[in-house]
Each structure stands twice: as structure tokens, then as C-alpha cells.
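A short write-up of the structure that comes next.
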Number of protein chains: 2
Amino acid sequence: MGEQGSRGPAAPARLRAGVPDATVARLPGYLRALRALADAGRTTVSSEALATAAGVGSAQLRKDLSHLGSYGTRGVGYEVAELVFHISRALGLGRRWPVVLVGVGNLGHALAGYGGFDDRGFSIAALFDVDERRIGERVGEQRVRHLDDLDDVVGAFGVCIGVIATPAHAAQDVCDRLVAAGVTSILNFAPTLLRVPPQVDVRKVDLSNELQILCFHEHRKGFALVEPLLDESMTGEVSA
Amino acid sequence: MGEQGSRGPAAPARLRAGVPDATVARLPGYLRALRALADAGRTTVSSEALATAAGVGSAQLRKDLSHLGSYGTRGVGYEVAELVFHISRALGLGRRWPVVLVGVGNLGHALAGYGGFDDRGFSIAALFDVDERRIGERVGEQRVRHLDDLDDVVGAFGVCIGVIATPAHAAQDVCDRLVAAGVTSILNFAPTLLRVPPQVDVRKVDLSNELQILCFHEHRKGFALVEPLLDESMTGEVSA
DNA sequence: CCGACTTTGTGCATCCGTTCACAAGCGCGT
DNA sequence: ACGCGCTTGTGAACGGATGCACAAAGTCGG
């Protein structure tokens, strides 16, 4: 993607196209912090205050926001409502996004009942499973449908986001069917690497991975206490 | 930090201490891919094959592994079992880590029943909630205990990892109690930013965040189809 | 109307992570 | 025994992200 030439002063310098991934990943956090501030009655907020509320540095916050445009007032700060609007629009939350969820086991139930969906901008278009015993079961406002109906639902609602909450062994097959039906963004809770065509985005959430990462740091903390600067030669030959 | 002089062949150059975070975050993925290979009967694997299985580039895999040591054989590849051992050890998975889970709602149930825990290296030391109606309920092999018992359990099992699966409004309080009890790593499923002392690690998993990030890319795809190179001037004045 | 104070937006330097490309090392066939 | 081909490990270039520090720009009080 070639974005060049921000030099032209006549052009309003729209760099909307080039929002770095790292920034995008933080925008939802800013949005949440802003909503909390709005609920608390604040109408304006400084970069310092918002950054603290979102858990980042103020310089980083300003740089992130600068990628969306100049929506602050120097000497004052940002207007909360305005910033919410602009961040929402940058994230594409202007419309309501229908989402399909596949796999209505323990996790699927939890996700379907989670506030995170209907909360802001997302609605569950349908729940799917392949287990005959679950078909027809009511979960929230939806009834569980058979995965074979996927194409119909995706077509009818214009769904482009799918959530996979199946066991690992079924995930790739479900993924393929989602992609075939036209879904182009997938959130995967199954502990498997999904193979998808290049135009499809996948994000993975894996409990086990996260625990192992925490575990590493915990492990290091332990060593930091006992032997701050020694290398661990004695643990080098446990095998054999 | 100062690793220079690979010229000295006598010094074994132990850089175990300096494993980059980005590398650590990928190690669990390598581990999973290696286990899959082992289950398939493979005893050795090249960086190219393992990288493909883990969804990364081969150069990145080799560099990541080089941070743990030199456990490959040139011209051959890596021995699967050996690599599993070394990565496991680097992650601190040599022992079994007890974990406490707070919040036994929909999500808590799902997490407790998830294979990811007992699967590899983790075991649930106890489940906690504050809702009297849930105290005593059996979930898996555990009974739900009251959060007031937290200190006892953490002390008795030497727990240092806690998982928060409560509603957002309760998360900070639960977090404080976990930290006070001695927990130093927290996996947070509640959509809130947790305030913790600097020595405590927090990782956050947020459904809504992930969906919004996907949403952004989906949003961009839509524009890419309609107007590949135009900037979106007409969407600039939706307000007012 | 002006000057002092506040806060944004951003150039710049730095750091970290990724990728390339290749020399070093190992096994194998002859 | 020896060279050939394969794969690792890593130096080095590259690109992106982070944080600092300050000029630009606005508000507010006098």
C-alpha cells in the first residue's frame, strides 16, 4: 500500500489510510476509557488524563490520535463525545456488525451471554453447532442452528465476522466453511493455527498460550530472587 | 544487553536471561506445533517445516530458538523431543503451576472446563466467587469456594497465577485481593484496565477489543473494494 | 489588547523486532 | 577420506514503534 506525499498543503492531509496496527490495537482501549469518562460526567479530557485512564503514556496517546486527525484543542484537551465519535468511525463502528458464532459448548454459551457483543456495535446474527442435541436450543435471544445453514445466514445478514468456539479438531473445518460462506474476519478461540486465504484476517485467543506467557515471567521472577545475576549452569544438563 | 564476541569459542555464551517478549509470546505456539509433530510420529523437524506448522517465517523461528540456545543440528534440523524439552524449560513448565480462578459465571465455567488448564502444566487449585448461591457448587473436580478463603488457598498451594473472570465492576477489587494474597501474575478476562504494583504481570483478554480490531480491518477492506486509492472525503462530515 | 500559561501535535532520536543473506557446520554418498 | 549439499545460527540492514522535547496554538486573566 503506497501512501506517500503528505507534503501537499492544499490537500487536508488525510492519513486515515495509514493507521499503524499497534495504534489500532489500542483504540478500543481509548474508547472504553472515554466512555467511562463520559459516564462520569466529564465532557473534556487532556491527553495526560486519558492516557492514564487507558494505561499508556500521554505522548503515545497523542501520537495515536494524530493518526486519525487533529481533534484536540490546544490548551484545553479533547472533547470526550467528539473523540468517541471519531475513534468509533475510524474503527468502523458506525454501523452494527452482525457476527456468527460457531460452537455452542461451554465457551460458546459464555461468549453468547457476554455483554461484549450487544454492548457496542455487534450483534449475534446466529449461533451454530453440529451437535444434533444442541440444535434448536435457546441461548439468549437466539436459537442454535445447524452449521449447514451457515451460507443462508451469512448471505442474508451480510455477515463478515465469524467467531470459532469449537474444539480444536473441528476448528479448521469450521473455518473453511466460514470462509467459503464469505466471512472475511475470524476470531478463533480454538487452540489451533487456522489456514486461511490471504484476504481473511484471523485473530486468536488462547487461554493456554496466555498462561504459558505469564508462566515464563513468573519463572523469571523466581530466578531473579534467588540468583539475580548468575546464569543457570546447573540446570543445563537435566536431560540424558 | 552486551552479547558481543561470539568469536571466543571457549565461552558458551549463555543468553538465557535475555529472551525478548515477542519471542516468548511465540514459544507456546512452537510448543503446540512440536507436540502435533510428535503425535504424528516425527522425530526431527527442520526450521522450515516447524515454522510453517507454527505460522511464522523460518528465519524468525531460528532467531527465536537461538535465544534459548543452540539445540539444532546443521544439515539435519531439530530433534522434536529435545526441542519440546528445552522450550518447556525456558517457559518454566518444568513444574505444575497451580492457578486460582475467580468468578464462576458463564465464562468461569467455560474456563474451568476448558482443556487448556490441566492439559499442560497447569492445575486449578481452587475456584472462587462471592455469590452465595454458587458457593459449594461443583465444577469439574473442584467445589466453588468463597473469595474470603483466597489467602488460605494461595498460601497453602503457593499459587502465583490468578485468573479473573468476573464482571468488570468487580475486577479491580478481586485483583487487589489476589495481589494482597501474594499472586504475582494475573490473566484478566474482564473488560477493565487493572491497576497493579509494578512487580505484578497482567495479561488481558477482551472479546470486545478483538472484535473491534477485526472490525477495523473489515472496514478498510470495504473501502479497498469500492475506492482503492481515493481518500474518503465524503465520510468526513457525517456529524453536525 | 497583551502576555503568561496550558496542552496539543510532531520532528527526532532511540530502541526493538523482523527479515535477508550467508558463512559455519554436519551428515552422507562415493 | 573427501567433497557435496543441506540446514542451522547469526551478522547486518531495514522498518516500525516508543518516548522525549519543543514549537505551534489556543485559553484565560489582567
Side-chain angles (χ1 to χ4, degrees), chain A residues 1-4 6-7 9 12-27 29-30 42-80 82-83 86-87 213, chain B residues 1-9 11-27 29-30 42-80 82-83 86-87:
Chain A
M1 322 83 177
E3 69 278 7
Q4 83 295 14
S6 63
R7 188 53 55 91
R14 305 199 172 267
L15 11 84
R16 288 284 308 284
V19 183
D21 282 357
T23 294
V24 172
R26 282 186 292 268
L27 291 181
Y30 300 156
R42 298 283 300 268
T43 66
T44 63
V45 65
S46 71
S47 66
E48 189 64 38
L50 180 54
T52 301
V56 301
S58 64
Q60 179 150 83
L61 172 73
R62 288 199 299 274
K63 180 145 295 195
D64 283 343
L65 294 184
S66 77
H67 288 124
L68 311 184
S70 289
Y71 302 120
T73 309
R74 297 176 191 232
V76 177
Y78 302 90
E79 196 175 343
V80 173
E82 189 185 356
L83 207 45
H86 286 295
I87 295 179
I213 294 167
Chain B
M1 317 88 177
E3 70 276 9
Q4 82 293 19
S6 63
R7 190 56 52 91
R14 302 197 176 270
L15 14 82
R16 285 286 306 286
V19 184
D21 282 355
T23 293
V24 173
R26 283 186 291 267
L27 291 181
Y30 300 155
R42 297 284 299 267
T43 66
T44 63
V45 65
S46 72
S47 66
E48 189 63 39
L50 180 55
T52 301
V56 301
S58 64
Q60 178 150 85
L61 172 72
R62 288 198 300 275
K63 179 141 294 195
D64 283 343
L65 293 183
S66 78
H67 289 124
L68 310 184
S70 289
Y71 302 119
T73 309
R74 298 176 190 232
V76 178
Y78 302 91
E79 197 175 343
V80 173
E82 189 185 356
L83 207 46
H86 286 296
I87 294 180

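Below, chains carry the letters A, B, ... as their sequence lines are ordered, and counting in each starts from 1.
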Take the protein atom NZ of A/Lys63 and the nucleotide atom P of D/dG19, then report the distance between them rounded to whole Å.
11 Å

Dump the pairs, protein N or O against N or O of nucleotides 25-30 of chain D, anything under 3.5 Å, distances to one decimal.
from	atom 1	to	atom 2	distance (Å)
D/dA25	O4'	A/Arg74	NE	3.4

Carefully, step by step, assess A/Tyr78 and A/Arg62 under the rule side-chain contact (heavy atoms from CB on, under 4.5 Å).
CA-CA 10 Å; A/Tyr78 302 90; A/Arg62 288 199 299 274; 3.9 Å; yes

Go through the structure and list residues passing side-chain contact (heavy atoms from CB on, under 4.5 Å) with B/Ala53, not counting sequence neighbours.
B/Ala33

Evaluate the side-chain contact (heavy atoms from CB on, under 4.5 Å) criterion for residues A/Val80 and A/Thr43: first the C-alpha distance (whole Å), next the side-chain angles of each, then the deciding distance (0.1 Å), finally the verdict.
CA-CA 5 Å; A/Val80 173; A/Thr43 66; 5.6 Å; no

Expressed in angstrom and rounded to an integer, what is the separation of B/Asp64 atom CG from C/dT18 atom P?
7 Å

Please report, rounded to the nearest Å, how far the C1' atom of D/dT8 is from the NE2 atom of B/His67.
15 Å

Once side-chain contact (heavy atoms from CB on, under 4.5 Å) is applied, do any residues pair with B/Glu79, and if so which ones, sequence neighbours excluded?
B/Glu82

With sequence neighbours excluded, residues passing side-chain hydrogen bond (donor to acceptor under 3.5 Å, both in side chains) with B/Ser58
B/Glu48

The side-chain hydrogen bond (donor to acceptor under 3.5 Å, both in side chains) partners of A/Ser46 (sequence neighbours excluded) come to none

Taking CG from B/Leu61 and C1' from D/dG9, how many angstroms apart are they, rounded to a whole number?
12 Å

Contact summary for A/Leu65 and A/Ile87, nearest pair of heavy atoms
CD2-CD1, 4.0 Å

Length of the CZ-C1' vector between A/Arg62 and C/dT7, whole Å
8 Å

At a cut-off of 3.5 Å, list every protein nitrogen or oxygen paired with a nitrogen or oxygen from nucleotides 15-17 of chain C, distance to 0.1 Å.
none

List the atom of B/Gly18, the atom of B/His67, and the distance in Å for their closest heavy-atom pair.
O-CD2, 4.3 Å

B/Tyr78 side-chain N/O to C/dC26 phosphate OP1/OP2 under 4.0 Å:
no

What residues from residues 42-52 of chain A pass a heavy-atom cutoff of under 4.0 Å to DNA chain D?
none

Would you compute the distance between atom CG of A/Leu50 and atom OH of A/Tyr30 and round it to the nearest 0.5 angstrom?
8.0 Å

Taking any heavy-atom pair under 4.0 Å as a contact, classify A/Gly57: base, sugar-phosphate, or nothing.
nothing

Atom pair distance, as rounded to whole Å: CG in A/Leu68 and C1' in C/dT10
15 Å

In whole Å, I'd like the distance from the CG atom of A/Leu83 to the P atom of C/dT7.
16 Å

Please identify each residue that fulfils side-chain contact (heavy atoms from CB on, under 4.5 Å) with B/Arg74, with sequence neighbours left out.
none

Can you tell me which residue pairs pass the salt bridge (charged side-chain N to carboxylate O under 4.0 Å, His left out) test with a partner in residues 18-27 of chain B, sequence neighbours excluded?
B/Arg26-B/Asp64

